[in-house]
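Notes follow the structure.
Atom set for the values below is all heavy atoms of this structure, side chains included, hydrogens, waters and symmetry mates excluded. The first residue of the sequence shown is numbered 1, and numbering continues consecutively from there.
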Amino acid sequence: MERQPILSAKDIEITFSMRGKYLKPIRKCSLDLYEGETLAIVGESGSGKSVFTKSFIGMLDNNGSITGGSIMFEGVDIAKYTKESDWLKIRGKKIAMVFQDPMTSLNPLKIIGEQIREVIELHQGIKGEESKQMAIEMLEKVGITDAANRYNQYPHQFSGGMRQRVVIAIAAACFPKILICDEPTTALDVTIQAQILDLIRNLQKEMGMTVIYITHDLGVVANVADRVAVMYAGEIVEVGNAEEIFYDARHPYTWALLSSLPQLGVKGEPLSTIEGTPPNLYQEIKGDAFAPRNTHALRIDFIENPPYFEVTPTHKAKTWLLDPRAPKYEAPHAIQKLRDKMKK
């Protein structure tokens, strides 16, 4: 029996109005999310990862709106929501988000405990001493020692890693079905990164959450993801389980991302880079958005955007190279050697 997605985004378009011009950072983007899984969305900065997932909780900037497609969640197309009162039934309560910089998420003038407590009171309707006790328990759950005393401290009294734990406590306080983690470890050192990833993994198991990671760090992806979606210029260009993406990638952009891994570098030689720059999203993109940067681009890439081609039932990619009529190209040598190098 085929699994049904917990959330299904189909052909989502998002448009921003900027000084009389229109910017389209998300272009017919589709993604299915399954219960209990960890999905990583990867891509360069500016590829649309954060904007796409913010549309799941109604947190687009005021000049942005969903102008096409659907987001089905619990039998409702939430892409059609326009009222804040509708989004408040979803945001925090059923779909929560952990942002990259905890200091932009926390109120510097309010004690930590009250910031967790107000979320519990808003979404769970629990008041008074009971909500305070739940807030203290959430602090303990995310690894804050001496939680009862720390409850009364301010964000500046916490380290960066501890602040990120508090932000995770706020997001998890209402036991959401889906937790979106937007670059949750970027500003932290490597040791603290590992602790935060372990914390999220443990909370996911304990609370039965589905987790989306937004990241450009493929090392993080290798450690946490069940499935990986690769995003470029507002589209998901390849999606598959983690092993398929790391060891059998088919889209030239995924090849380029993986080739740029420091682990694949050779001593004394420059690291691999992706030539060129992403497209200007103010302008209409003709054909495959990655074509100008793709050394394997075909003539049709500059004319028509490719459909998805199925590699396996769990793996598909938007590239004309998978068309039966296309010339056969082997993945770059670095990609072919990736499995051995990653094991070492």
Side-chain angles (χ1 to χ4, degrees), residues 38 50 53-54 56-59 84-214 224:
T38 301
S50 296
T53 50
K54 279 181 179 178
F56 300 169
I57 53 172
M59 283 194 68
E84 183 66 8
S85 56
D86 289 330
W87 282 116
L88 284 174
K89 296 171 189 171
I90 299 287
R91 188 191 309 134
K93 194 171 187 178
K94 295 183 178 179
I95 306 176
M97 197 163 194
V98 174
F99 292 98
Q100 180 174 343
D101 181 2
M103 279 309 274
T104 61
S105 304
L106 297 171
N107 185 339
L109 303 177
K110 214 174 213 182
I111 60 172
I112 289 292
E114 288 302 305
Q115 297 189 55
I116 303 173
R117 184 179 180 175
E118 66 183 9
V119 172
I120 294 168
E121 292 188 348
L122 175 65
H123 292 298
Q124 294 199 43
I126 297 167
K127 307 286 183 185
E129 191 60 34
E130 189 180 353
S131 64
K132 180 179 179 179
Q133 197 53 46
M134 283 185 71
I136 292 170
E137 286 171 11
M138 279 308 304
L139 283 172
E140 290 171 345
K141 206 181 283 280
V142 298
I144 304 283
T145 54
D146 195 18
N149 287 325
R150 297 287 250 170
Y151 178 99
N152 294 304
Q153 293 183 333
Y154 291 88
H156 72 269
Q157 295 175 279
F158 286 67
S159 67
M162 286 296 177
R163 283 195 290 262
Q164 193 63 292
R165 289 173 184 269
V166 171
V167 170
I168 292 167
I170 291 170
C174 292
F175 298 84
K177 290 187 174 182
I178 299 170
L179 181 67
I180 303 168
C181 300
D182 190 351
E183 303 273 13
T185 61
T186 297
L188 307 173
D189 67 50
V190 175
T191 308
I192 306 300
Q193 275 188 20
Q195 292 175 7
I196 294 298
L197 293 176
D198 281 343
L199 168 61
I200 294 169
R201 190 184 289 117
N202 292 336
L203 284 175
Q204 180 181 15
K205 284 180 187 171
E206 185 180 334
M207 301 167 76
M209 293 186 295
T210 303
V211 175
I212 300 175
Y213 277 97
I214 301 166
V224 302

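Look at Lys132 and Glu129 and you find no salt bridge, because none of the NZ, NE, NH1 or NH2 atoms lies under 4.0 Å from a carboxylate O. Of the charged side-chain nitrogens involved, at least one lies within less than 4.0 Å of a carboxylate oxygen, so that Glu84 and Arg91 count as a salt-bridged pair.
The backbone N or O of Gly128 sits less than 3.5 Å from a side-chain atom of Arg117, completing a donor-acceptor pair. The closest donor-acceptor contact from the side chain of Gln124 to the backbone of Ala173 lies under 3.5 Å. In this structure, the side chain of Gln133 does not engage the main chain of Glu130 through any donor-acceptor pair within 3.5 Å.
When all heavy atoms of Leu88 and His123 are compared, the pair lying nearest together is O-CE1, 3.6 Å. Shortest non-hydrogen contact noted between Ile120 and Ser131 is CD1-O, 3.9 Å. The shortest heavy-atom contact between Lys54 and Met97 is CG-CE, 4.1 Å. Contact record, Pro176 with Gly92: CB-O, 4.1 Å, taken as the closest heavy-atom pair. Counting all heavy atoms, side chain and backbone alike, Gly113 lies closest to Ala135 at O-CB, 3.9 Å. The heavy-atom pair separating Glu121 from Ile126 by the smallest distance is CG-O, 2.9 Å.
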Report the C-alpha separation of Met209 and Leu203 in whole Å, then their side-chain angles, then the decisive distance to 0.1 Å, and conclude whether the side chain to side chain contact (heavy atoms under 4.5 Å, CB included) test is met.
CA-CA 8 Å; Met209 293 186 295; Leu203 284 175; 4.0 Å; yes

Under the side chain to side chain contact (heavy atoms under 4.5 Å, CB included) rule, what do Thr191 and Gln195 come out as? Steps first, then yes or no, please.
CA-CA 7 Å; Thr191 308; Gln195 292 175 7; 4.1 Å; yes

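Rounded to the nearest 0.5 Å, atoms CG (Leu139) and CZ (Arg165) are 11.5 Å apart. Atom CD1 of residue Ile116 and atom CE of residue Met134 lie 11.0 Å apart, to the nearest 0.5 angstrom. Glu118 CD to Lys110 NZ: the interatomic distance, rounded to the nearest 0.5 Å, is 3.5 Å. Rounding to the nearest 0.5 Å gives a distance of 3.5 Å between CD of Glu114 and OH of Tyr151. The CG atom of Asp182 sits 9.0 Å away from atom CD1 of Ile180, with the distance rounded to the nearest 0.5 Å. Interatomic distance, Leu106 CG to Ile111 CD1, rounded to the nearest 0.5 Å: 12.5 Å.
The closest side-chain heavy-atom distance from Ile178 to Phe56 is not below 4.5 Å. Under the 4.5 Å side-chain criterion, counting only non-hydrogen atoms from C-beta, Val211 is in contact with Cys181.
Results of the side chain to side chain contact (heavy atoms under 4.5 Å, CB included) test with Val98 over Ile196, Ile214, Ile168 single out Ile168 as the only residue that passes.
Looking only at atom types and distance, the side chain of Glu183 has no donor-acceptor partner in the side chain of Tyr213 under 3.5 Å away. Looking only at atom types and distance, the side chain of Arg150 has a donor-acceptor partner in the side chain of Gln153 under 3.5 Å away.
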